[in-house]
Amino acid sequence: MRKIRKAVIPAAGFGTRFLPATKVLPKELLPIVDRPVIQLVIEEAVQSGIEEVILVSNPGKRQIVEHFESSPSLEAFLDSKGKQDLLEELRQLTSLVRVKSVEQKVPLGLGHAVLCAKEAVGEEPFAVLLPDDITSGSEPCLGQLLSSYEEIPNDAATVALYHVPLDQIHRYGVIEGSVVSENLYQVERIVEKPSPEKAPSLFAVMGRYILPSQIFSILEEAQPGVGGEIQLTDGLAKLAQQRKLYGYCFEGTWYDVGSKLGFLQANVALGLRRSDVGPELRSFLNSFLLRS
Ligand code: UTP
């Protein structure tokens with residue numbers, strides 16, 4: 001088995017869609033009930049066997065790194081109040097995984113953010129998880145992607161795909177491809193935000209990737225694309241031209257928490273599943289919907 005040990009998490013953007021909430025608070029720390037989205041994403045990486053997380057951050061987003069460091073005064077406070085459950089939870093958080101942080105001083109695009117992790121990744125294939133995407137399912141999304149990775153050539157990449165209804169397809173990057181085996185496709189090209197008539201399939205690319213280290217030289221040569229940014233999609237398009245891009249259709253649910261609607265949906269859906277707030281949230285929603 002080819003072991004993927006490292007995961008890059010780009011988190012250096014300005015999060016403009018959530019302003020003013022994200023003026024001071026990094027969007028990656030916005031909570032789904034009481035867990036920051038980045039924590040959920042890192043937990044998915046750990047459950048999938050990742051041993052080291054490389055967080056791409058910027059100098060103004062130090063709080064993200066601090067979230068995974070110990071906080072002696074808070075821990076002493078919880079201990080003195082006998083709040084052992086919370087104390088244990090915080091301690092687990094700091095021992096979850098090795099988190100290394102690299103800087104992207106200016107947000108020049110997602111492709112550039114991944115390129116900033118070049119030294120930290122080295123010569124091995126690696127995973128990328130976008131903290132804008134959270135997933136739930138019987139098996140973690142990245143774990144499923146890693147299993148599918150066993151079927152593809154060494155120097156190829158694989159991206160997670162999600163089956164999207166036709167009326168929402170215009171929001172996503174959509175693949176054109178051919179079937180390799182159950183849930184696995186060879187990607188011929190990615191069409192950005194197609195109209196329903198022009199969509200080549202109903203498979204949208206979501207923010208989970210396994211990339212060969214060759215992606216770095218492709219990104220180094222990449223010219224700024226949409227919005228003047230170095231786009232990861234352009235690097236993936238190059239891999240697709242070389243027939244080195246595969247897509248795996250993820251089994252589970254995807255929430256695009258980088259959008260306001262997706263963020264609210266994730267809070268409701270994951271809140272309903274919680275034993276502490278779920279039952280009351282359900283009866284609130286039922287009576288609220290009856291009244292409105
Ligand atoms: P987004 O484009 O969704 O994030 O990038 P953003 O720019 O922060 O948010 P909006 O669109 O203005 O609301 C997806 C992920 O890639 C990171 C972001 O932090 C986010 O987690 N990213 C994006 C970088 O790390 N660097 C960049 O230059 C761009």
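All values below were derived from every heavy atom in this structure, side-chain atoms included, with hydrogens, water molecules and symmetry-related copies excluded. In listed order, ligands and their atoms are each counted from 1.
Here Asn58 pairs with Ala12, Lys61 under the side-chain contact (heavy atoms from CB on, under 4.5 Å) rule; sequence neighbours left out.
For residues 282-292, no pair satisfies side-chain hydrogen bond (donor to acceptor under 3.5 Å, both in side chains), with sequence neighbours left out. Applying the ring pair (Phe, Tyr, Trp, His ring centres under 6.0 Å) test to pairs two or more places apart or on separate chains, none has a residue in residues 40-95.
Side-chain atoms of Gln84 and Asp79 form a donor-acceptor pair, as typed in the model, at a separation below 3.5 Å.
Annotation: Phe18, atom CZ; neighbour count of heavy atoms from other residues, nucleotides and ligands within 6.0 Å is above 12.
With contacts defined as side-chain heavy-atom distances shorter than 4.5 Å, the pair Asp133/Trp254 qualifies.
Sorted by chain and number, the heavy-atom contacts of ligand 1 below 4.0 Å come from Pro10, Ala11, Ala12, Gly13, Phe14, Gly15, Thr16, Arg17, Lys27, Glu28, Gln104, Pro107, Leu108, Gly109, Leu110, Ala113, Pro131, Asp132.
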